[in-house]
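In this text the structure is predicted, and so the values were computed from the model without any measurement. Positions are given from 1 along the sequence.
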Amino acid sequence: MCGMHLDHLSYAAGPEGLAACVQRIGARLGAGFTDGGLHPSFGTRNFVLPLADETYLEVVEALDHPAADRAPFGRAVTMRSRSGGGWLAWAIRVPEIAALEQRLGRAAALGHRRRPDGFDLRWRQLGINDVTEDPQLPFFVQWETDDQHHPSAAGSSISLRRLEIAGDEETVDAYLGTSARQPLDAVEVEWLPTDDGDTGVVAAVFDTPNGEVRID
């Protein structure tokens, strides 16, 4: 699985709502998010913040729309938001998703997001149902839109330094078919015990112009 790269982190807005959540995290990081628009087939919408190293952060919420109940991503966002919100998942970008479809035995879902300026970003993604079952796992994205429109394209002085993940590194390695350290590049990972059985991203630590910031 050569060519895997951390694509983005997803954070689900909680009871405070999307706008307040975006303002809170943006204030902590010292940067403003951009309205990313709607995921029509998922029943969700997001705000995005470019990070360094071709990575970005999204804050997402489910809409009051049938697609949010029908689509795996919409259901995952709804479940996380109803449990109080917080880190939803980490996503890995791959150059060709077909090999993963074959290895995991299922087809990737088509995704698209319509930005406020009318541009439609398109990709294929795989693994959301696995994330719902075991949130320590990532999901996979193959972008069909040119790199110039990737949500990280504007660049940033903010970079992801470390992830704190409740889970088991060997389990994630087996799911990826390679070491989790490969797609995460220089990002440190602290694997935390799961005494209560709950897995998933617990916190992300960012380097910002104003110093280190931990978002949980």
Side-chain angles (χ1 to χ4, degrees), residues 1-13 36-51 53-63 65-81 87-115 119-153 160 163 165 172 174-178 180 182-185 187 199-201 204:
M1 294 305 301
C2 297
M4 292 194 297
H5 177 77
L6 180 66
D7 188 70
H8 67 276
L9 301 177
S10 292
Y11 191 101
L38 304 174
H39 306 107
S41 57
F42 298 159
T44 56
R45 66 172 300 170
N46 73 359
F47 275 69
V48 298
L49 177 67
L51 302 173
D53 303 316
E54 300 178 332
T55 302
Y56 70 98
L57 168 62
E58 73 167 352
V59 179
V60 62
E61 74 169 357
L63 304 172
H65 189 279
D69 297 323
R70 185 173 60 246
F73 186 77
R75 293 197 301 268
V77 173
T78 299
M79 289 174 57
R80 190 70 180 95
S81 294
W87 291 109
L88 175 67
W90 51 299
I92 292 176
R93 183 178 184 177
V94 296
E96 177 53 64
I97 209 165
L100 285 163
E101 291 178 310
Q102 183 175 9
R103 189 165 68 81
L104 297 178
R106 68 190 82 104
L110 297 176
H112 72 112
R113 172 162 59 84
R114 189 169 299 120
R115 295 190 319 213
F119 188 84
D120 203 37
L121 291 91
R122 294 186 174 272
W123 65 91
R124 298 169 67 201
Q125 68 183 46
L126 179 65
I128 290 296
N129 286 328
D130 296 330
V131 172
T132 302
E133 292 283 333
D134 188 356
Q136 68 178 313
L137 302 177
F139 67 97
F140 304 96
V141 175
Q142 177 190 330
W143 285 91
E144 297 183 344
T145 299
D146 292 342
D147 286 349
Q148 64 178 325
H149 293 292
H150 186 268
S152 70
L160 176 64
L163 286 176
I165 302 177
V172 176
Y175 181 72
L176 291 175
T178 188
Q182 190 264 305
L184 289 171
D185 300 322
V187 178
T199 68
V201 177

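Side-chain contact between R93 and T55 is absent, with no heavy-atom pair separated by less than 4.5 Å. In this structure the side chain of V201 never reaches within 4.5 angstrom of the side chain of L9, judged on heavy atoms. Proximity of P138 to Y175: side-chain heavy atoms (C-beta onward) are separated by under 4.5 Å at one or more points. No side-chain heavy atom of F140 sits under 4.5 Å from any side-chain heavy atom of P183. Side-chain contact between S152 and V48 is absent, with no heavy atoms from C-beta onward closer than 4.5 Å. Within the 4.5 Å cutoff, the side chain of F42 has no heavy atoms near those of the I128 side chain. Residues L63 and L38 are in side-chain contact: their nearest non-hydrogen atoms beyond the backbone lie under 4.5 Å apart. With a 4.5 Å cut-off on side-chain heavy atoms, L57 and L51 count as touching.
Judged by distance alone, with hydrogens and angles left aside, the side-chain atoms of E58 form no donor-acceptor pair with the main-chain N or O of V60 at under 3.5 Å. Checking side-chain atoms of S41 against main-chain N and O of G111 turns up no donor-acceptor pair under 3.5 Å. In this structure, the side chain of T145 does not engage the main chain of L121 through any donor-acceptor pair within 3.5 Å. No donor-acceptor distance shorter than 3.5 angstrom exists from the side chain of W90 to the backbone of G200, with no hydrogens or angles considered.
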Applying side-chain contact (heavy atoms from CB on, under 4.5 Å), run through V94 and I92 and close with a yes or a no. CA-CA 6 Å; V94 296; I92 292 176; 4.2 Å; yes
For F73 and L88: C-alpha separation, side-chain torsions, deciding distance, then whether side-chain contact (heavy atoms from CB on, under 4.5 Å) applies. CA-CA 10 Å; F73 186 77; L88 175 67; 4.1 Å; yes
Before giving the answer on side-chain contact (heavy atoms from CB on, under 4.5 Å), spell out for V172 and I165 the whole-Å C-alpha distance, their side-chain angles and the decisive distance to 0.1 Å. CA-CA 11 Å; V172 176; I165 302 177; 5.9 Å; no
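Side-chain atoms of H150 and D7 form a donor-acceptor pair, as typed in the model, at a separation below 3.5 Å.
The salt bridge (Lys or Arg N to Asp or Glu O under 4.0 Å) analysis of residues 124-145, with sequence neighbours excluded, yields the pairs E101-R124, R106-D130.
Closest approach of Y56 and P50 over heavy atoms only: CB-CA, 4.0 Å. Taking both residues in full, the closest heavy atoms of N129 and P72 are given as OD1-CB, 3.3 Å, listed atom of the first, atom of the second, then distance. Closest approach of L160 to L6, counting heavy atoms only: CD2-CD2, 3.5 Å. A12 and S81 get closest at one heavy-atom pair: CB-OG, 3.8 Å. Of all heavy-atom pairs spanning P95 and G3, the tightest one is CD-O, 3.6 Å.
P40 pairs with exactly one of R45, H112, R113 by the side chain to side chain contact (heavy atoms under 4.5 Å, CB included) rule, that one being H112.
Ring planes of H8 and F139: perpendicular class, angle over 60° (limits at 30 and 60°).
Here the CD-CG distance, from E61 to N46, works out to 10.0 Å after rounding to the nearest 0.5 Å. The CZ atom of R122 lies 13.0 Å from the NE2 atom of H149; values are rounded to the nearest 0.5 Å.
Applying the ring-ring contact (aromatic ring centres under 6.0 Å, His included) criterion to W87, with sequence neighbours excluded, gives Y11. In terms of the side chain to side chain donor-acceptor pair (under 3.5 Å) criterion, T132 has no residue partners (sequence neighbours excluded).
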